[in-house]
Amino acid sequence: MTTLSPPSSIELVEVAPRDGFQSIRDRLPTADKQRCIQALLNAGVTRLEIGSFVSPKAIPQMADTGQLVEAFANRPEVRFSALVPNLKGAELALEHGIREIVYVISVSETHNQSNVRRSTTDSLQELRRVIERVRQIEGSRLRLDLGTSFDCPFEGTISWQQVDRILSSALALIGDLPLEIALCDTTGRATPYQVADYFTQLRERHARVGVNWAFHGHDTFGMGVANALFAISHGATAVDTACAGLGGCPFAPGATGNTATEDLLYALHGGGITTGIDLSKLLEAADMIAALPGGQTASHLRQVPRQRVS
């Protein structure tokens, strides 16, 4: 497998307000969420998945996503996105001013049924309708999150060929629309060399203008930072992380927190890779998020005495 030269910069996509908050069972006050998001922005975060437009019956914690979007309107320096599972969610996101739609489909048929209550075939058909809607709104963009790209809690290891089948079908629908493709380690079971292999195989097969690659990882098996670094060295230009390591898919049994933003930031800065995020201010945000009731965090850097973190 070919290793690319380390980039001079990388985009970190902060997902604590979505993947993180949704892992907390009891409803968080909207004001507390706003306070945490503001702390993340103060630290220099410029890409942030602010929530998801889904059924409040399925994920009650996301019921106030529209309010959060409105609270942070008129922030052109920040690239806000929202996850959606269907056309209804995409329309709500666009109506609230979101211009980056994150459409999620699982490679695993079983997990897709558990996560969005439909077959992968039906999710692909829904993607066609979402694409048509995105094309109608000037300045809108699409990101495709391929859940369970490496492992499924129900079906086990997912091969890159399985990912390729879903991705090929999706790309045939997307056409020339600019796109970011995220390979998602939903369960946190991926290993660095598996991540490298999948990125290498899929990027070679789907190299095209206007397509960027991203990685979404969890730290369930302690591989979060390593997996992210291998993804970056094999073509990912963006990586999802959650401040304080908050997170975990409610529809993937055993999946724990996302890779902590501060842990990956420490590794990247140590390699001279620019992110635009202030580590000390980010740790302040991490403390704030870790103090939220009901959340499970998995940050390593927060356990280190602050005077040793530089």
Side-chain angles (χ1 to χ4, degrees), residues 11-24 27-56 58-104 129-145 177-180 182 212 214 216 238-244 246-247 258 261 275-278 281-282 284-286 288-289 292 295:
E11 291 185 320
L12 294 187
V13 184
E14 180 57 56
V15 299
R18 198 276 301 174
D19 211 354
F21 290 167
Q22 78 173 16
S23 69
I24 298 176
R27 286 284 299 276
L28 295 171
T30 302
D32 287 352
K33 294 181 182 180
Q34 290 180 218
R35 187 165 50 89
C36 292
I37 292 171
Q38 185 59 58
L40 291 166
L41 300 185
N42 291 344
V45 168
T46 56
R47 286 191 66 178
L48 186 140
E49 194 173 79
I50 199 165
S52 59
F53 287 89
V54 296
S55 167
I59 307 181
Q61 192 67 262
M62 294 289 102
D64 59 353
T65 296
Q67 293 174 254
L68 292 174
V69 175
E70 293 169 4
F72 291 94
N74 302 316
R75 299 292 296 266
E77 77 281 8
V78 183
R79 184 171 157 186
F80 291 105
S81 61
L83 183 139
V84 307
N86 50 38
L87 177 60
K88 181 179 180 180
E91 289 179 333
L92 285 171
L94 291 167
E95 287 171 9
H96 280 89
I98 289 292
R99 290 298 175 261
E100 181 162 3
I101 301 299
V102 181
Y103 185 82
V104 60
R129 291 184 278 271
V130 170
I131 292 166
E132 291 173 356
R133 189 72 182 97
V134 169
R135 286 186 182 277
Q136 295 170 1
I137 306 297
E138 185 177 357
S140 295
R141 65 176 86 193
L142 179 68
R143 170 169 158 157
L144 179 64
D145 271 15
L177 188 71
L179 177 70
E180 184 171 80
N212 294 313
H216 175 102
V239 176
D240 293 359
T241 55
C243 192
L246 185 67
N258 293 66
T261 308
T275 63
I277 299 174
D278 183 297
K281 291 182 178 179
L282 187 74
E284 294 175 7
M288 185 182 298
I289 289 171
L292 295 172

For this session: Decide yes or no for Leu292 and Cys36: does some side-chain heavy atom of the first lie under 4.5 Å from some side-chain heavy atom of the second?
Result: yes

Problem set entry | Distance, nearest 0.5 Å, that separates CD1 of Ile131 from CD1 of Ile101 | 12.0 Å

Seminar exercise, completed: For Val130 and Ala90 the tightest heavy-atom approach is CG1-CB, 4.1 Å

Exercise. Which distance, rounded to the nearest 0.5 Å, do you find between the CZ of Phe72 and the CG of Leu41?
Worked result: 6.0 Å

Problem set entry | Value rounded to 0.5 Å, distance of CD1 in Ile50 from OG in Ser81 | 9.0 Å

Problem set entry | Arg18, Arg143, Gln22, Met62 screened by side-chain contact (heavy atoms from CB on, under 4.5 Å) with Leu83, the one that passes | Arg18

For this session: Supply the atom-to-atom distance Leu179 CG to Asn212 CG, rounded to the nearest 0.5 angstrom.
Result: 8.5 Å

Problem set entry | Interatomic distance, Ile59 atom CD1 to Ser23 atom OG [nearest 0.5 angstrom] | 10.5 Å

Problem set entry | Beyond-backbone contact of Leu40 with Pro17, side-chain heavy atoms, under 4.5 angstrom | yes

Exercise. Under the 3.5 angstrom rule, does the side chain of Thr275 hit a backbone N or O of Ile277 as a donor-acceptor pair?
Worked result: yes

Seminar exercise, completed: Here the gap from Arg133 atom CZ to Gln136 atom CD, rounded to the nearest 0.5 Å, amounts to 5.0 Å

Seminar exercise, completed: Taken in chain and number order and not counting sequence neighbours, the residues that satisfy salt bridge (Lys or Arg N to Asp or Glu O under 4.0 Å) with Arg27 are none

Exercise. With a 4.5 Å heavy-atom cut-off, do Val45 and Leu12 have their side chains touching?
Worked result: no

For this session: Report the residues that fulfil side-chain hydrogen bond (donor to acceptor under 3.5 Å, both in side chains) with Glu100, sequence neighbours left out, ordered by chain and then residue number.
Result: Arg47, Arg79

For this session: Mind listing the closest non-hydrogen atom pair of Leu282 and Cys243 along with its distance?
Result: O-SG, 3.7 Å

Problem set entry | Test item: Glu180 side-chain N/O and Ala214 main-chain N/O as donor-acceptor pair under 3.5 Å | no

Problem set entry | Pairing residues for Asn86 by the side-chain hydrogen bond (donor to acceptor under 3.5 Å, both in side chains) criterion, not counting sequence neighbours | none

Exercise. Any luck finding a side-chain donor-acceptor pair between Gln38 and Arg35 under 3.5 Å?
Worked result: no

Problem set entry | Results of ring-ring contact (aromatic ring centres under 6.0 Å, His included) for Phe53 - residues two or more places apart only | His96

Problem set entry | Test salt bridge (Lys or Arg N to Asp or Glu O under 4.0 Å) applied to Arg135 - qualifying residues, sequence neighbours left out | Asp176

Seminar exercise, completed: In terms of heavy-atom contacts, Gly295 and Leu246 come closest through CA-CD1, 3.8 Å

Problem set entry | Set of salt bridge (Lys or Arg N to Asp or Glu O under 4.0 Å) partners for Arg99, sequence neighbours left out | none

Seminar exercise, completed: Note: Val13 and Ala238 closest approach over all heavy atoms is CG2-CB, 4.2 Å

For this session: Could you tell me whether a side-chain N or O of Asp64 sits under 3.5 Å from a main-chain N or O of Gln67, the two making a donor and an acceptor?
Result: no

For this session: List the atom of Pro85, the atom of Val104, and the distance in Å for their closest heavy-atom pair.
Result: CA-CG1, 4.3 Å

For this session: Give a yes or no on whether Glu77 atom CD has more than 12 heavy-atom contacts from other residues, nucleotides or ligands under 6.0 Å away.
Result: yes

Problem set entry | Side chain Glu14, main chain Ala16, donor-acceptor under 3.5 Å | yes

Seminar exercise, completed: In terms of heavy-atom contacts, Ala82 and Ile98 come closest through N-CG2, 4.0 Å

Exercise. Between Leu142 and Tyr103, is any pair of side-chain heavy atoms under 4.5 Å apart?
Worked result: yes

